[in-house]
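Shown next, in structure tokens, is the structure this report addresses.
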Amino acid sequence: MKILVINGPNLNMLGIREPGIYGSQSYAALVGFVSDVCAQHGVKAEFFQSNHEGAIVDAIQGAYGVMDGIVINPAAYTHTSVAILDALKAVSIPAVEVHLSDVSAREPFRQVSYAGMACEATFAGHGFDGYRMAVEYLIEHHG
Ligand code: CA2
């Protein structure tokens, strides 16, 4: 099984600021954590991070016919991007949404998730462990 792990804008800044919300570990540590989870399950993982909406759309399109699952934290684009929603629908690859923080307990503008409308499940508020939950969801349902 091959999984594409997509992270949206500013997640490359993890560990540098706002540790109270997003934790104190870096983006490289997140990649290491998810790589280990995937290796333990015999899953191949690829990682993509971008601050640009169109680049994320391109990455989703590039997964078509190549990847078996997508784990996506669209970050701020979660709450704004119909383009990412449409890309996920277009490729029709099983996708799971992840958020480090518990978006349901934050500002009202974070209560809407466009990308989530094309995802089979959402794990929010579990920090890095949410990515493990998402990978294991995909293995359980599509592995
Ligand atoms: O909780 C999450 O994972 C979010 O997707 C993170 C986004 C936020 O816009 C979503 O509502 C919830 C923001 C990511 C920003 O990451 C930073 C990392 C370090 C310092 C500042 C921001």
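One-based numbering, in listed order, for ligands and for the atoms of each.
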Close-contact set for ligand 1 against His79 heavy atoms, below 4.0 Å: 10 (C), 11 (O)
In ligand 1, which numbered atoms sit nearer than 4.0 Å to a non-hydrogen atom of Ala76? 9 (O)
Atom 16 (O) of ligand 1: closest protein heavy atom, distance to 0.1 Å, is Asn10 O, 3.5 Å
Nearest heavy atom to atom 7 (C) of ligand 1: which of Pro19, Gly125, Ala75 does it belong to? Ala75
Does Tyr77 use its side chain to pair, donor to acceptor, with the backbone of Asn51 at less than 3.5 Å? yes
Would you please classify the geometry between the His79 ring and the Phe109 ring as parallel, tilted or perpendicular, with 30° and 60° separating the classes? perpendicular
Determine whether any heavy atom of Ile16 lies closer than 4.0 Å to an atom of ligand 1. no
Ignoring angles and geometry beyond distance, decide whether Arg106 reaches within less than 3.5 Å of ligand 1 through its nitrogen or oxygen atoms. no
Salt bridge (charged side-chain N to carboxylate O under 4.0 Å, His left out) partners of residues 84-113, not counting sequence neighbours, each pair once: Glu107-Arg110
The closest protein heavy-atom partner of atom 2 (C) of ligand 1 is Leu100 N, 3.4 Å
Taking distance alone, with no angle check, do Asn73 and ligand 1 share an N/O pair under 3.5 Å? yes
Going by distance only, is there an N or O of Gly15 that falls short of 3.5 Å from an N or O of ligand 1? no
Which residue supplies the protein heavy atom nearest to atom 12 (C) of ligand 1, what is that atom called, and how far is it? Val103 CG1, 3.6 Å
Expected list for residues 3-16: side-chain donor-acceptor pairs under 3.5 angstrom, two or more places apart:
unit_1, atom_1, unit_2, atom_2, d
Asn7, OD1, Tyr131, OH, 2.6
Asn12, OD1, Gln49, NE2, 3.4

Using a 6.0 Å cut-off, check whether atom NE2 of His142 has over 12 heavy atoms from anything other than its own residue. yes
Polar atom proximity, Tyr22 to ligand 1 (N or O, under 3.5 Å): no
Can you confirm, on distance only, whether ligand 1 has an N/O atom lying under 3.5 Å from any N/O atom belonging to Glu18? no
